[in-house]
Amino acid sequence: MAGLERSRSTRPGLLNRLATFLGIKKKEAQILFVGLDNSGKSTLINFLKPDSYKRQEVVPTIGYSVEQFTAGRISFTVFDMSGQGKSRPLWEHYYRDAHAVVFVLDSTDRLRMEVAREELNNLLLHADVSTRKVPILFLANKMDCKDALGPIQVSVDMCLHEINLHSWHICATNAVTGEGVEEGILWLTEQIKHRL
Amino acid sequence: MFSLLHGFWKYAFEKDEYCILILGLEKAGKTTFLEQTRVEYCKGYIGVPLDRITPTVGLNCEKITVRKYRYLLWDLGGQEELQALWESYIPECHGLIWLVDASDKDNFSTSRVALQNVLERPQLANLPLLILANKQDLPGAVPASEVADQLLQNLPKLTGIHAALGISAISADAIPKGFDWLTRAIIDHPIKPPRNRDTI
């Protein structure tokens with residue numbers, strides 16, 4: 001789990017390029033999953049993977065892990081970043097190549113909403129994000145819990161209305177059953193499709 | 001020396017940038033309108049199939065260039081709970097586009113109340129307002145002038161210039177007309193300086 005799970009050469013070879021030219025190869029998108037620890041990033045990604053690759057148990061991510069899955073004729077390479085305080089400085093190294101950012105929030109964790117907001121601010125102020133158009137998808141996770149905040153309340157608490165240079169979307173999700181995830185990924189796909 | 005050159009470069013090539021808010025009730029067609037605007041003004045943009053547009057919960061934003069001006073378009077969700085988010089975008093905007101579903105007469109009074117709520121903000125005083133009576137392709141669509149009359153009745157405080165235009169976001173033919181009007185309105189009646197790109 002720790003470190004790179006499935007590495008992939010980023011340099012397009014001749015064959016790759018030919019396949020792209022012929023339209024055989026799928027478009028590739030790089031998505032960055034960030035969020036505080038225990039917000040459910042790995043569980044969300046686990047849900048998105050094909051059944052045969054699904055993990056039975058999800059344990060805290062250390063460092064980061066890379067996953068691949070296909071949705072809507074686009075091949076997604078997902079960087080699942082660790083959310084632990086120590087690992088958060090790692091995030092910024094992946095901003096540059098990301099086509100989109102998914103920010104996962106624990107909607108039951110009112111206390112640390114402030115921390116999440118700070119991390120979001122850091123993300124927005126980073127040069128690799130602020131100078132490009134990066135759609136940001138917020139997933140208000142754990143909506144099945146009784147004391148979960150609604151997506152609107154989360155967006156108010158997170159001051160999402162201060163974002164005015166990037167498109168953003170928020171949806172409530174339940175990572176375990178996958179409720180709401182589809183809708184969010186659909187939005188993300190439409191946002192990045194034309195830029196791949 | 002560098003700052004001199006930089007200043008000259010900016011003077012010669014920098015385009016004035018204005019922020020436009022696209023508001024209206026839910027299902028008025030704001031996101032469809034934004035998509036079609038993108039297709040119209042962004043070269044090489046293919047666009048999303050219009051039947052796959054989902055209700056906006058958040059913000060869709062796009063930069064377009066119309067002649068020598070740049071517009072930053074903000075399309076916000078129109079659902080009732082989301083209208084609270086409109087507030088924070090209002091101080092920065094230079095113009096307002098209000099979309100109405102012209103085929104749904106029962107909606108007009110709700111739309112009027114929402115519009116009046118928005119126009120009460122002092123930051124919006126004197127700013128140009130463009131009312132788009134959308135969905136003109138549907139049978140029973142009310143013409144733009146009548147929609148505007150309905151929306152703007154009992155509005156004594158409307159001091160900025162305004163116009164109404166009937167469009168169909170699906171066929172997109174009147175979109176350039178709308179932006180031409182908006183451009184003229186913003187340039188001819190300078191109320192706010194353009195957004196400085198350095199502050200972004």
key: Within one Ile-Leu-Val-Met-Phe-Trp-Tyr cluster: V154(A) and F138(A), side-chain cutoff 4.5 Å   = yes
message = Could you see if L50(B) belongs to whatever hydrophobic cluster contains I22(B)? Use Ile, Leu, Val, Met, Phe, Trp, Tyr and a side-chain cutoff under 4.5 Å.
response =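 No; tracing contacts between hydrophobic side chains, which count when under 4.5 Å, never links both residues.
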request  = Quick one: do N60(B) and Q191(A) satisfy side chain to side chain contact (heavy atoms under 4.5 Å, CB included)? Show the steps, please.
outcome  = CA-CA 9 Å; N60(B) 292 312; Q191(A) 292 292 315; 3.6 Å; yes
ask   = So, does W187(A) use its side chain to make a donor-acceptor pair with the main chain of T54(B) at under 3.5 Å?
value =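 The answer is no, because no donor-acceptor pair under 3.5 Å joins these two groups.
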inquiry  = Can you confirm whether K27(B) is buried at NZ, in the sense that more than 12 heavy atoms of other residues, nucleotides or ligands lie under 6.0 Å from that atom?
reply    =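 Open: at most 12 neighbouring heavy atoms sit under 6.0 Å from NZ of K27(B).
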message = Would you say CD of Q123(B) has more than 12 non-hydrogen atoms from neighbouring residues, nucleotides or ligands within 6.0 angstrom?
response =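 Yes, enclosed.
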message = For S88(B) versus H161(A), what's the shortest heavy-atom pair and its separation?
response =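 Of all heavy-atom pairs spanning S88(B) and H161(A), the closest is OG-CB, 2.9 Å.
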query = Do L85(B) and I152(A) come close enough that some side-chain heavy atom pair is under 4.5 Å?
reply =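 They are not in side-chain contact.
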query = Hey, which of E183(A), E162(A), H166(A) has the most heavy atom pairs under 4.5 Å with chain B?
reply = H166(A)
request  = Tell me, for I136(A) versus chain B, whether the close heavy atoms (under 4.5 Å) come from the side chain, the backbone, both or neither.
outcome  = neither
message = How long is the straight-line distance from CD1 of I170(A) back to CG of L59(B), given to the nearest 0.5 Å?
response =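 Output value for this atom pair is 12.5 Å.
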key: Value rounded to 0.5 Å, distance of CG in N164(A) from CH2 in W74(B)   = 4.5 Å
query = chain A heavy atoms under 4.5 Å from E92(B): which part of the residue, side chain, backbone, both or neither?
reply =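 Interface part for E92(B): side chain.
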